[in-house]
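A short worksheet on the structure shown next.
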Amino acid sequence: MFNVKLFAILAEQIGHSEVQLTLTAPITAAAVKTALRAQYPQTASVLADCLVAINQTFVSEEQFAPSEVTEIALIPPVSGG
């Protein structure tokens with residue numbers, strides 16, 4: 001199980017700023033999004049535009065072994081003015 005930090009609308013949709021997801025090797029941005037979508041289907045419309053950070057670095061196609069992952073975060077697009 002991995003703790004995944006959520007921000008902005010994702011945290012609002014789920015009602016928590018952190019969730020636990022089961023992820024298997026290799027851990028990728030797509031795998032994180034797929035696991036969150038499966039556990040919280042209401043996030044599907046937002047997930048397509050979210051950035052995934054693993055170990056405080058934005059990732060897209062990179063693959064990680066579970067032992068390499070210390071932090072996962074999902075950051076949806078935000079607007080401000």
Point-to-point distance, once rounded to the nearest 0.5 Å, from CG of L47 to OG1 of T34 | 8.5 Å
Are the side chain of K33 and the backbone of C50 linked by a donor-acceptor contact shorter than 3.5 Å?
-> yes
Atom CG in L6, atom CG in N3: separation rounded to 0.5 Å?
-> 10.5 Å
Approximate separation, where rounding is to 0.5 Å, of I27 CD1 and E62 CD | 13.5 Å
Which pairs count as side chain to side chain donor-acceptor pair (under 3.5 Å) when at least one residue sits in residues 35-55, sequence neighbours excluded?
-> N55-T70
Measure from the side-chain N and O atoms of Q56 to the backbone N and O of I54, and report whether any donor-acceptor pair falls under 3.5 Å.
-> no
Single-linkage hydrophobic cluster, 4.5 Å side-chain cutoff, L21 and I75 together | no
Any side-chain heavy atom of V4 within less than 4.5 Å of one from L36?
-> no
Drop me the distance from I72's CD1 to K5's NZ, to the nearest 0.5 angstrom.
-> 11.0 Å
Near Q20 CD, under 6.0 Å, is it more than 12 heavy atoms from other residues, nucleotides or ligands?
-> yes
ILVMFWY cluster, F2 and V59 together (side-chain gap under 4.5 Å) = yes
Locate the shortest heavy-atom distance separating A11 from S17; write the atom from each residue and the value.
-> CB-CA, 4.1 Å
Closest heavy-atom pair and its distance - V46, P76 | CG1-CB, 3.9 Å
Rounded to the nearest 0.5 Å, how far apart are CZ of F7 and CD of E12?
-> 13.0 Å
